[in-house]
> 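My questions all concern the structure below.
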Amino acid sequence: METREDLRNVAIIAHVDHGKTTLVDQLLRQSGIFRSNEAVAERVMDSNDLERERGITILSKNTSVIYNDTKINIVDTPGHADFGGEVERILTMVDGVLLLVDAFEGCMPQTRFVLKKALGLGKKPLVVVNKVDRDGARPLEVIDEVLDLFIELGADEDQLEFPVVYTSARDGFAMLDPNEKGEDMKPLFEAIIKEIPAPKGDIDGGLQFLVSNIEYDEYVGRIGVGRVERGSISVGQQGVLCHRDGTTSNVKISKLYEFDGLKRVECQNAKMGDLICISGISEINIGETICDTEIVEPLPFVKIDEPTVSMNFIVNNSPFAGREGKYVTSRNIRDRLFKEVETNVAMRVEETDSADTFKVSGRGELHLSILIETMRREGYEFQVSRPQVITKTIDGVVCEPIEYLMIEVPEEYVGAVMEKLGSRKAELVNMGTRDSGITHIEYRIPSRGIMGYRPEFLTDTNGNGIMSHVFDSYEPYKGDIVTRHQGSLIAFETGQTVTYGLFAAQERGRLFVGPGVDVYEGMIVGACPKAEDITVNVCKKKHITNTRASGSDEALKLTPHSILSLEQCLEFIADDELVEITPENIRMRKSILSKEARMKKQFKK
């Protein structure tokens, strides 16, 4: 067994919005990766448009820095529980983790989730308390919370003796004592080299390369990203690709790349411990091992947690189908969904009895909505059903997914929040008050209970509450939950909305469309405050007569309509409704468009 002291492999894990990507920015800047005159974007690791717009990391990404002749490979991971599949598989590539915790918010659900995975794989943790310069920061209390979390998650003695570094990623400094004034990131660099174990293994043994991620390049095709676990690898070398189903195939290494800052740089060879990319193997997939031709010993791949939520992706059959999309057929949608599963290991796609419908399962509503938004931007047109939780039968008992929910709200809103969550079968686990007057509440709640709750939560807390949740376990089914108390306002006929018709309709509820919008019969144009559907004629025009009366020709004033995001649409729809997705519009509609057909079906029930 040899140790490579010139190399460190580390992943940064944290709850969403605690500053991971900003911290990586500073490590890159202060290691001299960028030229002095180079224009560098903020959050440079968030490379795709969706990540930049939403301010969250969705995909795991690799980078590297050099500090005092030691190469540090850094993997930036997503902070949202729905993208946990990205975190789980890249933990196999690293020897230690930087656990980033906000000095004000402390340990949040996602911190618990990713830390549990890292500790379970025996990774060495280095705790980084970020945002120490923030108002209300309480770094020493947060360290106590982190220690409690380590004990709760069953950390061993070595893991409990975790080192701590205090940072402000935004201002670019780190220190070992929160009362000192930091100058740069040097203490963090030195802590990584001192505390994160160097890669150990057999450099002279037969090659073992585990594929942990797949990237795609238009010029070279599929690129396998992973770590050389044993031996060495070089361009032109012959190897054996061990597939996950037990079969093998002979392959040739045509190109190798290593990470140098934000770029992939071609290299001729790599050895045990290196994180590299391999191109030229078209059938390579996540979880597969490339071995030496003489010693074929595939490595076990980390177990990825099962999906908890599913929804149907259906070919668009609305009256407006095919107007706006580039890819509209079932074959287009099928090919795109199965292509997604190749790189998105936490997602499942199944074909159903209908050739036009595909069942897609993922980790949560956000996991699925990111796929929907990505497909929409690529020119796909389709419709999706309401998300449903996936139940399991364990020992003859039907069980459903339970989430661990954390809420922070000002004291005056606690009553309203607790009342709503009580009706959604939530169980209170913990409750406390911070010095700032914020109440911290922890619940265990069925995944069904959270669906559609976020808009109510924001209304009940006047936008002052913070809510985050993570999958916890499966438990026996908790019974029926009424999650929607509103009905829909449904368009009566196909046409274009006019102010006269909308003015009459707005008295019935909250509108989702303004004047001059194309609508069709059965399309949802608003929300009704009562739990019943109402058909409204938003295309109704005023009949012109030559009779004039004072007051009858006054300008009509419309209340501003609500514009729902994709996630809000998915949370709003009922079981008998669909969301129509096109590159230009997101519409909601009834599954059965005709009012007569809907009434007949209801009458039969």
> Test salt bridge (Lys or Arg N to Asp or Glu O under 4.0 Å) on K271 and D202 and set out the steps.
CA-CA 10 Å; K271 56 187 179 181; D202 184 2; over 6 Å; no
> Just so I know, are the side chains of F150 and L115 near enough to count as touching, which here means a heavy-atom distance under 4.5 Å?
yes
> Should we count CD of E183 as having more than 12 external heavy atoms under 6.0 Å?
no
> List the steps, then state whether side chain to side chain donor-acceptor pair (under 3.5 Å) holds for D6 with T70.
CA-CA 5 Å; D6 63 334; T70 302; over 6 Å; no
> Using a distance-only test with no angle check, is there a side-chain donor-acceptor pair under 3.5 angstrom linking Y474 and E400?
no
> Judged by modelled atom types alone, do H440 and T433 share a side-chain donor-acceptor pair under 3.5 Å?
no
> How about M272 and Q208: do any of their side-chain heavy atoms sit closer than 4.5 Å?
no
> Is there a donor-acceptor contact under 3.5 Å linking the side chains of D245 and T247?
yes
> Step by step, work out the side-chain contact (heavy atoms from CB on, under 4.5 Å) result for L337 and V360.
CA-CA 8 Å; L337 291 174; V360 182; 3.9 Å; yes
> With a 4.5 Å heavy-atom cut-off, do E373 and E378 have their side chains touching?
no
> I'd like to know if R444 and D472 make a salt bridge, using a cut-off of under 4.0 Å between side-chain N and carboxylate O.
yes
> Which pair of non-hydrogen atoms, one from E5 and one from A198, has the smallest distance, and what is that distance?
OE1-CB, 4.1 Å
> Does the side chain of V165 come within less than 4.5 Å of M175's, by heavy atoms?
no
> Quick check: are there more than 12 heavy atoms from other residues, nucleotides or ligands sitting under 6.0 Å from CG of N430?
yes
